[in-house]
Amino acid sequence: MIKAITGTKDILPWQISEWKRLEKTVENLMSYFNYKEIRTPTFEETVLFSRGIGEATDIVSKEMYTFIDRSETSITLKPEMTASVVRAYIEHKLSKKQNLHKLYYISSMYRQERPQAGRLREFHQFGAEAIGSNAPMLDAEMIELAYSILKSFGLKNLDIKINSLGVPAEREQYKTELRNYLKDKFELLSEDSKKRFETNILRIFDSKDEKDIEIMSEAPKILDFLSEESLKHFEEVKSYLDEIEIKYSVDYKLVRGLDYYTNTTFEIVSSSVGAQSALCGGGRYNLLIEQLGGPPTPATGFAAGMERILLACVNEGCNKEEEASLDIYLVRMEPAKKTAVFKISNTLRKNGLKTEMDYLSRSVKAQMREANRMNARFVLFVGGEEFEKGSVVLKDMETGEQQELPAKDLTPVISKLKNQ
RNA sequence: GUGGGCGUAGCUCAGCUGGUUAGAGCGUCUGGUUGUGGCCCAGAAGGUCGUGGGUUCAAAUCCCAUCGCUCACCCCA
């Protein structure tokens, strides 16, 4: 049996309604905040991501789906959207069009990680990017937007965590300080953290090792290394959140894994999913546009994992079962009436009625069971002595009432169904 | 990449101190008088017991390998 590739999933018909509900929620809120949708290709030149996200990050160094195509170009399936959106922003010279662009997307992403609860190799994200302003208000709006979508979808048990990573110079100084602090404690660190000491020292804060946590609780904090300006930006973001009464906690351990973040970073976590509890993450990236060859442009954004949101929703019981519905089911009483039924279905469907019939030559009883299972509002019997007289019989599946109607002119049936 | 758990019917699972034709519930299908659903009743279909090897008179059951799923680490959304 051929199976779906590891880490990919089919979304089956009965799961679609929740996906659509989430997509609609996203579209709604995005429009309230005046974000415009953007769609970019599924794959890009590899260099876009290696340069944008950072060569040393896990995503680039070991998780990308990269291949050489027939024209010898190195292609990569997008592992995230920000780099692509920025590429489009630069390529189409959007900065010339207007100062600020507020963009959103809903799309699939690809990363070759080991699958687990809330983590797939092909997964879906929605997100927003506001390119062209350094206003702390926009950072706050970004958090408000992400939070509003999750709330509006029906999620509870959410926590917002924010932090500031400052600008690169400040961060470098902090890293140096951190290295000094950890130097004589190095041997006490876990094996993973020893590696992180070299690769990405900030990530040691993320460690779940008890000893590491103990060591890091005494470590210097990034907020103490921020400049006046960075600190002011951070304070403003917080005050805007306070103004609109959005609760958050400052988490100096919140370190994003992508290289391009500057100043504000945030994450929204849920206690309703497994270990992969971050439903949403984002922050400011003021240097990325320039780094990718565009004009120096400040920007901020976020991305949210749709599978995780859906999972949290199921675990919280906030999902809404959509009742299957059918306006009318046509029951064929004798095999010979096939053509008549087919013609009637054509008329009803042309008039905008959800119509179904039997394709398996089953008994009347079986057809009725089917109509019931499909939750048909009405059943129309075609055949028998009534049909000989030129009539069809309409049955209301709720009340059980039946009435004879002329087969030639189905207008009364149609208007009855449309009016109810 | 590392570690734990699990692979028996479409689904959820039982059976696993080795022993005749491998079970249940749900679902599906067909019937319960000429042409009518839901509830109820009856019957039926449906399984290479993940795959390959080994031990044995005998393997779903024990051993090994392999593949897959899953959870966690890692990382991230």
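Chain A is the first sequence line, chain B the second, and so forth, proteins listed ahead of strands; every chain is numbered from 1.
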(request) Taking the side chain as every heavy atom from C-beta outward, state whether A/T297 and A/Y89 have any pair of such atoms under 4.5 Å apart. (result) yes
(request) Compare all side-chain heavy atoms of A/F205 with those of A/L254 and state whether any distance is below 4.5 angstrom. (result)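 No - every pair of side-chain heavy atoms lies 4.5 Å or more apart.
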For atom [atom1], what is the distance between [N] and [M], given to the nearest Å?
N      : M      : atom1 : value
B/rG3  : B/rC57 : C1'   : 41 Å
B/rC13 : B/rU20 : P     : 26 Å
B/rG19 : B/rC26 : C1'   : 32 Å
B/rG15 : B/rU61 : P     : 15 Å

Can you name the ring pair (Phe, Tyr, Trp, His ring centres under 6.0 Å) partners of [X], sequence neighbours left out?
X      : value
A/F234 : none
A/Y181 : none
A/Y285 : A/Y260

Look at all strands and tell whether [X] reaches a base, only sugar-phosphate, or nothing, counting heavy atoms closer than 4.0 Å.
X      : result
A/K62  : nothing
A/R119 : base
A/E307 : nothing
A/E191 : nothing
A/A371 : nothing

(message) If we check side-chain contact (heavy atoms from CB on, under 4.5 Å) with A/L178, which of these qualifies: A/I204, A/L202, A/I222?
(response)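 Of the listed options, the one satisfying the test is A/L202.
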(request) For the pair A/K389 and A/E404, find out whether any cationic side-chain nitrogen is under 4.0 Å from an anionic carboxylate oxygen. (result) yes
(request) Kindly state each residue pair satisfying ring pair (Phe, Tyr, Trp, His ring centres under 6.0 Å) with at least one member in residues 105-135 of chain A, sequence neighbours excluded. (result) A/W19-A/H124
(request) Any pair with a residue in residues 217-226 of chain A that passes side-chain hydrogen bond (donor to acceptor under 3.5 Å, both in side chains), sequence neighbours left out, goes on the list, sorted by first then second residue, please. (result) none
(message) Using a 4.0 Å cut-off on heavy atoms, which residues in residues 149-167 of chain A reach RNA chain B? List them by number, or say none.
(response)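 By residue number: none to list.
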(message) For RNA chain B, which residues of residues 270-283 of chain A approach it to below 4.0 angstrom with any heavy atom?
(response)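 Residues of residues 270-283 of chain A under 4.0 Å from RNA chain B: A/G274, A/A275, A/Q276, A/A278, A/L279, A/C280, A/G281.
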(request) With sequence neighbours left out, write down each residue that passes side-chain hydrogen bond (donor to acceptor under 3.5 Å, both in side chains) with A/K194, or none if nothing qualifies. (result) A/E191
(request) Name all residues meeting the side-chain hydrogen bond (donor to acceptor under 3.5 Å, both in side chains) criterion together with A/E18; count only those two or more places apart in sequence or in a different chain, and write none if there are none. (result) A/R21
(message) Please confirm whether the ring centroid of A/Y174 lies under 6.0 Å from the ring centroid of A/F225.
(response)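 Yes, the ring of A/Y174 comes within the 6.0 Å limit of the ring of A/F225, centre to centre.
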If we ignore angles and hydrogens, is there a donor and acceptor under 3.5 Å between the side chains of [X] and [Y]?
X      : Y      : value
A/S84  : A/E44  : yes
A/S207 : A/D212 : yes
A/D409 : A/T411 : yes

(request) Determine, answering yes or no, if A/F123 is stacked on B/rA77 under the 5.5 Å centre rule and the 30° plane rule. (result)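 Here the ring of A/F123 and the base of B/rA77 are stacked, with centres under 5.5 Å and planes under 30°.
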Identify the pairs formed between an N or O of the protein and an N or O of nucleotides 49-51 of chain B at a distance under 3.5 Å, and give each distance.
none

(message) Can you tell me which residue among A/H101, A/E129, A/E141, A/E27 is in a side chain to side chain donor-acceptor pair (under 3.5 Å) with A/Y35?
(response) A/E141
(message) I need a per-nucleotide contact map over nucleotides 40-45 of chain B, read 5' to 3'. Cutoff is protein heavy atoms under 4.0 Å; write B for the base, S for backbone only, - otherwise.
(response) ------
Restricting to nitrogen or oxygen on both sides, can you table the protein-nucleotides 2-8 of chain B pairs closer than 3.5 Å?
unit_1: B/rU2; atom_1: O4; unit_2: A/R114; atom_2: NH1; d: 3.0

